[in-house]
Amino acid sequence: MSLSAAEDESTTEIHLPADVNWEMLDKSKFFFLGAALFSGVSAALYPIVVLKTRQQVMNTRIPCLKMAVSIMRNEGCRGFYRGFGTSLTGTIPARALYMGALEMTKSNVGTATVRLGFSEASASTIANAAAGLSSAMAAQLVWTPIDVVSQRLMVQGNGNGNTSSVVGLKRYNGGIDAFRKIIYSDGLRGLYRGFGISILTYAPSNAVWWGSYSVAHRVIWGCIGCYCCKKDENGGGYRPDGKAMVAVQGVSAAMASGVSALVTMPLDTVKTRLQVLDTNGGKKSPTVLETVRNLVKEGGFGACYRGLGPRWASISLSATTMITTYEFLKRLSIKNQ
């Protein structure tokens, strides 16, 4: 793939490595290495997800740093990894579905849009947005039940911390106990609580993220091309090294993450409350509108943005490590020619 950037009448080409598409991948290597790499990424980012989840279910606002210190003091390092085993169990099949749907959709939609006469830039943006949408919907079939169980375990402290500020919270002795109690009280429907709003949160979020990432990626390389064209005396073009590729991928991912986090934060907060909190006395579970009303009563519209800092950090770090790891994974998984 090559990108051209022009300034006045002079141009320089940026020669990037060719994209690795679905047909070029060794599927067994792709999924096996992907499971290992992304499990490591999940482990590194899990404490931030715990902080975000606890902030979202509190009925009072607690600063992120204060909550982190409280967890460390009262629960130790283990408090930052509550529910991690359950989460990791679901991460592997969910990631497999996500990556498979992502690559197949991107390849098929990209080919179709080019045949329809779209430019390379437009075709890339449309293909990435469609791939993000379809991959998120596929992954939620597995991820929602795991999310329900792991999030309930995340917000459980040892009784000495800030968990007393959480309303409507049951106690569980591990993931299997939580799974059994949810099935017993609510049936299979209980494991898919918030599935609809999860789709409304993650599907558009992924479409926005992948579309924004594609645009940001091209814009940044275009700016680099304009800069290089001033210094290119031989007209041979610019061939970026591995460090430059990773840097551009990371910056593009961070830019796309900021937009995605701001747009979907209220939906994510409502989703988390629906999945985590229980009613007392056997009453019917609250609806989405009732959950929104309760949030607004607690702290106005700003309550819907509780945990924005950790979520933004989580999405940015996750997206940056995900996209660089993902591109590295695809290079590792190319079929032997």
Side-chain angles (χ1 to χ4, degrees), residues 1 3 16-25 30-31 34 37-38 41-42 45 91 94-114 116 118-143 198-222 245-265 267-268 271 311-331 333:
M1 178 176 116
L3 295 175
L16 302 180
D19 286 333
V20 179
N21 59 35
W22 181 247
E23 288 73 21
M24 297 167 65
L25 295 173
F30 179 66
F31 288 121
L37 288 171
F38 284 111
V41 171
S42 298
L45 299 176
T91 294
R95 283 290 184 188
L97 273 174
Y98 185 93
M99 292 187 296
L102 182 74
E103 284 302 317
M104 286 189 288
T105 306
K106 191 188 298 185
S107 179
N108 293 329
V109 174
T111 302
T113 48
V114 168
L116 289 173
F118 287 90
S119 66
E120 182 186 346
S122 298
S124 177
T125 302
I126 293 170
N128 275 275
L133 186 70
S134 65
S135 59
M137 294 179 70
Q140 283 306 310
L141 292 172
V142 174
W143 187 246
S198 292
I199 294 294
L200 289 175
T201 300
Y202 291 121
S205 174
N206 268 265
V208 169
W209 191 93
W210 280 102
S212 300
Y213 173 79
S214 177
V215 172
H217 194 255
R218 297 188 69 86
V219 167
I220 292 172
W221 280 123
M245 295 285 293
V246 171
V248 172
Q249 288 168 356
V251 173
S252 301
M255 291 170 64
S257 299
V259 177
S260 178
L262 281 173
V263 170
T264 60
M265 185 65 203
L267 285 172
D268 186 69
K271 174 194 74 71
R311 183 165 191 259
W312 196 325
S314 176
I315 291 179
S316 296
L317 289 172
S318 178
T320 301
T321 53
M322 182 272 292
I323 197 65
T324 52
T325 303
Y326 190 66
E327 293 296 336
F328 177 65
L329 169 64
K330 289 203 294 184
R331 302 286 167 189
S333 305

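With sequence neighbours excluded, the residues that form a side-chain hydrogen bond (donor to acceptor under 3.5 Å, both in side chains) with Thr264 are Arg311. Judged as a side-chain hydrogen bond (donor to acceptor under 3.5 Å, both in side chains), and not counting sequence neighbours, the contacts of Ser122 are Ser119. Among residues two or more places apart in sequence or in another chain, the side-chain hydrogen bond (donor to acceptor under 3.5 Å, both in side chains) test is passed with Tyr98 by Asn206, Trp210.
In this structure, CH2 in Trp209 is found 4.5 Å from CD1 in Ile323, a value given to the nearest 0.5 Å. Remark: Ile199 CD1 to Leu133 CG distance equals 9.0 Å, nearest 0.5 Å.
With contacts defined as side-chain heavy-atom distances shorter than 4.5 Å, the pair Leu329/Met99 qualifies. In this structure, Phe31 and Arg95 have side chains that are not in contact, with every pair of non-hydrogen atoms separated by 4.5 Å or more. Between Glu120 and Arg218 the shortest side-chain heavy-atom distance falls below 4.5 Å.
More than 12 heavy-atom neighbours from other residues, nucleotides or ligands sit within 6.0 angstrom of CE on Met104.
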Test side chain to side chain contact (heavy atoms under 4.5 Å, CB included) on Ile220 and Met255; report intermediate values, then the result. CA-CA 11 Å; Ile220 292 172; Met255 291 170 64; 4.0 Å; yes
Between Gln249 and Tyr213, does a side chain to side chain contact (heavy atoms under 4.5 Å, CB included) hold up when you go through it step by step? CA-CA 8 Å; Gln249 288 168 356; Tyr213 173 79; 3.5 Å; yes
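Ser135 contributes a side-chain N or O that, together with a main-chain N or O of Gly132, makes up a donor-acceptor pair within less than 3.5 Å. For Ser212 (side chain) and Val208 (main-chain N/O), a donor-acceptor pair under 3.5 Å exists by modelled atom type. Of the possible polar contacts, none joining the Ser107 side chain to the Glu103 backbone as a donor-acceptor pair under 3.5 Å is found.
Residues Ala319 and Ser257 approach most closely at CB-OG, 3.2 Å, considering heavy atoms. Listed here is the closest heavy atom pair of Ser333 and Phe30: OG-CA, 3.3 Å. Smallest separation of non-hydrogen atoms from Ser198 and Lys271: OG-CD, 3.1 Å. Contact detail for Ser260 and Ser205: the closest heavy-atom pair is OG-OG, 2.5 Å. Residues Ala138 and Leu97 come closest through the heavy atom pair O-CD1, 3.6 Å. The nearest pair of heavy atoms linking Thr105 to Ser134 is OG1-OG, 2.8 Å.
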